[in-house]
Peer 1: 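Structure in structure tokens, see below.
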Amino acid sequence: MKHHDIMPAGQVGRSVPRLEGRQKVTGRAAYTHNLVLPGMLHAKVFRSTIPHGRILSIDTSAAAAVEGVHRVVTGEDLRAIVAEPYFGPAFHDQPALALDKVRHIGEPVAVVLAEDPYIAAEAARLIVATYEELDAVFDEVEAMTSSAIVHDVLKPAGTFPDLKHLVGKRDTNIALDYQLRRGDVDAAFASADHVYEHEFKSQQVMHTPLEPMVSLAAPDGDGLLIHTASQSPSFVRIEIARLLGWPENRVRVKVPYLGGGFGAKLYIKLEALVAILALMVKRPVKLSLTMEEQFFTITKHACTFRIKSAVSSEGRVTGRRCEVYWNGGAYADIGPRVTQKSGFTAPGPYDIENVSIDSYALYTNRPPAGALRGFGIPQLVWAYESHSDMIARDLGLDPVEFRRKNILREGRPHATGTLMHDAEIEGVLEKIAERMNWSAPFDRGEGHIKRGRGIAIAFKASISPTTSVAIVTIAADGCASLAISTVDMGQASDTAMAQILAEVLGLATEDIKVIHPDTDVTPYDMATLGSRSTFHMGHAVRLAGEHARRQLDELAVSLGYAPGAAYAPRDLFKKKYGMQAGNIVGVGSYIPDYTSPAPKTGLSDNITPFWMIGGTGVEIEIDTQTGAIKVLKLINAADLGLPLNPKIVETQLSGAALMQYGFTLFENMLFDEGQLTNGSLADYKIPGLNDIPPVIENHIVDARQTTGPFGAKGVGESATFGVSPAIANAIHDAVGVRLTELPLTPESIFNALRAAKSQAGKA
Amino acid sequence: MRNFDIVHPSSWAEALGLLSGGDEGTRAFSGGTALMLMMKSGFYAPTRLIHLGALEARCSFIEATADGGLLIGAAATLSSVEASPVVQRSAPVIAQAMKKLANVRVRNVARVGGALAHGDPHMDLPPILAALGGEVLLCGPDGERTCPVESFYTGYLETRLSQGELITGVRLPPQAGWRSAYVKCTTRAADDWPTVGVAVSLRVVSGAIADARIMVGAATERLTRLTSAEAALRLGAPDAATFARAADAAAQEAVTVDSASGSAGYKTELLRVYVRRTLAEALLNGAVQ
Ligand SMILES: Cc1cc2nc3c(=O)[nH]c(=O)nc-3n(C[C@H](O)[C@H](O)[C@H](O)COP(=O)(O)OP(=O)(O)OC[C@H]3O[C@@H](n4cnc5c(N)ncnc54)[C@H](O)[C@@H]3O)c2cc1C
């Protein structure tokens, strides 16, 4: 492989088996769920049964009277410890337990503490709350103009630099409106040969990590120790310290392996509640959600996207207007960042002179929405890549050819004005076309089984500016430990980070010890999210390794070695201290350059440290009698720079694609007046082994991220991007009907076929 | 979930005795695969469970009857039915359907008694056993009785099991000469509950359909026999035109219901397609010898 020449030690670029694999498959890996502390109480949450209302009363007496119940706590009780118990990364809008108002069905209203979790659950059923019901709003487009206002007061958090400008709009449900203006889009429409306008909808879905959310807080001297299944230990510490008015060092956050995260366990979730409860009762308190309770905790944004394009008769897109409405649910969580970071990529990976984007984060009375693998990108790609095919078909152009005419190429400006570099949009498109054998004749099936194929390509910017810090400790025998707050939630970050350090230090990956997040020990990291760790933490680890290496070299010279001469680190320590003693500590801290978008125009000359490029091609089969769809072939391709570990990259690609596959074909949170009607895995179906397409290919496109650690960048989300529109495009190719709402169920295909037939009958 | 007792009877008489108190909190527990879900969701909170698995030694038989039929004890696990050579010979449709019934972990513990008693219309065994002409064997305070599987279900999770009664097994008449098939379709994940399940049994005599039973599950509120579809088949040639007439009659007749897996209207259309396909498959499957 060609990257070997820049990686002489061969640690990076090698398919090292996951360091934790054996522990996990033999059932020895420890998870927060397994953790029991002496004197620990279990918490069970009592939840709102109405979507929007003022709390009139909460009667906890029957619950408190149950034998074995330690205490029942309401939101008002929390104020004894924290006067304003509101948290959140973008707005401090979410109370640890409802205060004054409830804003969605399933919102935590009170909590029962007991030594036996089953007793806590029994008692929680006995709590009775009364409410004065308020008008509610559920739809993101209606939320723009609704007189039902979810939050009377807006409380911007001001935590993250990229959200500093966030203020929200009082007396509306708009938490953030992001806009971008480039060129003159009206003029482009006025002079266009063709104008196309379509609307696309995505549904609300859930992350469904195998390990549901769980947090445990324990008083610890004059501080607090929090064990939590979190993707962002550093943020949890900062946010808990803020709530308590403490210095950060009184809060210790520990995170073991996670049983999946996908964005569900980001920022702060259950931690504020268990922290306050533990201080209140002076005992450890654990809250373990059930799979079903996760539906009320965090979800993926439902979204409406109106897209309009000006196109020349040769098929060049000259102008594009995007209006995107994000259904953020009752609390902002990180929705405003989704709105902005994804928002500016809404026109797609295309070279378009005139662009206008309006992207709105909206509050509604649904369960909150936040980050989910892809961070808003799949909702956008769903629209713009369906739109691409609709334009191409109308103009009689081949869909691949149409994309070739329009894609953003090296050095060209993106809508924000940032010049594209290290972004193999073309490479991804051509790889898919090649693997699909696009130019060859295609078997279209026979009888009631019709075959079709479709593709979609997309890109994503990294979240910026964010910081990662790493500490490397070399022991006196020459072995190395790596302290980082990156969370290994199944994506194999331990392995990848150990590979980087091993490469720098000339050690074997398997011999590096990765210390799991413990904020007393591991330094700051913004969070494990948005495919940022490989790039950001990867650089920090590289820098820390180089720092340690430099010190070893200096030590060697000071001990009389010739500069550049080979040495074994253990000999240096022995020589210096006269025995096996001492340490060398290397530190690396990394933050990329970034230019904030100008608030009025959304423009920036440096909007992202790197681009993730991904695409998918599918071949499908439709049973026209039932609408049933079978995906026969799923081909994913991505530009992830040079792969640090090709095997792990492949599993990230297939895993991401299959996750989006479920969101495309059947996952759907169904609501009736704000009430979730399929809130269990018996009725909310995720893909199983029998759903997996018979052929899946995952391709690493030939590329190198020149600014990345060892040429690498993130890959955890890239294969989610193209799946939905590729399938919709293939459905159209097979049977000539166009679906614009997810999920693409057999029933919706069947109904579209019927409608097309009766249309044809009339004509 | 509250604390509860679990008792292990050593005979049907003892099990019936434990049930006789009429206490809502006392209930039969066979494999627990359905019951535990109801307990977990708070739908049912028992005080005492009667573990019928304890009767396995005497009540998990699967045997051919003298007349060429089949007798299966209530405590037989679904996997033992699946693996039984007797079943494979005299009612192969059952063994085939098992492969796609839940998963091997569920089949290893779920038992025929529980699979019949639960009464969820999405379940696979009831339509199949009904199409084969099966009878539920019951015992209770007033002695033993039987009830045809096809009329055992009265509503969603409701059956003709009376208070204090237990299912001891199921009996099938001789299958020689019958051609059977069961086809189910899911509209979400492949391992979802079916959206429609159709079971048919046909007897073709001298090129004409002499007899037919057609059962639909999942799409309707309870297991339903489609008699007008059966009538449309009778004496017709076993061909596509006859099957299509039966399918249209089935779609006319069945009262389908809305659910998260599809609208009633869509399920009716699926039923139309699947009655046709299941009949064709039964024909292909050939007659039991
Ligand atoms: C993950 C999963 C997937 C599934 N998928 C399918 C599927 O694809 N197809 C399908 O058909 N089914 C499916 N099932 C359902 C499964 O078939 C039933 O749960 C099972 O058949 C019930 O049998 P059991 O012995 O476990 O009953 P239990 O759970 O023990 O009992 C069920 C009910 O029957 C009563 N009962 C039990 N035995 C008797 C008796 N002898 N007399 C009177 N009452 C009795 C109990 O009191 C209880 O009310 C699935 C279940 C699970 C958990």
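Naming: A, B, ... by sequence-line order, numbering from 1 per chain.
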Peer 1: Just so I understand: if I count every heavy-atom pair under 4.5 Å between each of A:Leu670, A:Ile629, A:Asp683 and chain B, which residue has the most?
Peer 2: A:Asp683
Peer 1: Is the backbone N or O of A:Asp672 less than 3.5 Å from a side-chain atom of A:Thr677, with the two atoms forming a donor-acceptor pair by type?
Peer 2: no
Peer 1: Between A:Phe671 and A:Phe138, is the gap from one ring center to the other below 6.0 Å?
Peer 2: no
Peer 1: Which atoms of A:Thr626 come close to chain B, meaning under 4.5 Å heavy atom to heavy atom: side chain ones, backbone ones, both, or neither?
Peer 2: both
Peer 1: Can you check whether B:Ala237's main-chain N or O pairs, donor with acceptor, with B:Thr242's side chain at less than 3.5 Å?
Peer 2: yes
Peer 1: Does atom CD of B:Glu158 have more than 12 heavy-atom neighbours from other groups under 6.0 Å away?
Peer 2: yes
Peer 1: Taking every non-hydrogen pair under 4.5 Å, which of B:Gly262, B:Cys185, B:Ser263, B:Gly265 racks up the most with chain A?
Peer 2: B:Ser263
Peer 1: What option among A:Asp691, A:Asp116, A:Leu665, A:Asn690 has the most heavy-atom pairs under 4.5 Å with chain B?
Peer 2: A:Asp691
Peer 1: Between the main-chain N or O of B:Val255 and the side-chain N or O of B:Lys267, is there a donor-acceptor pair closer than 3.5 Å?
Peer 2: no
Peer 1: Charged N to carboxylate O under 4.0 angstrom, B:Asp124 versus B:Lys184?
Peer 2: yes
Peer 1: Given that the side chain runs from C-beta out, which part of B:Ser41 has a heavy atom under 4.5 Å from chain A: side chain, backbone, both or neither?
Peer 2: backbone
Peer 1: Determine the option with the most heavy-atom pairs under 4.5 angstrom with chain A, choosing from B:Asp192, B:Asp191, B:Leu270.
Peer 2: B:Asp192
Peer 1: Measure distances from A:Asp623 to the heavy atoms of chain B and classify the residue's part below 4.5 Å as side chain, backbone, both or neither.
Peer 2: side chain
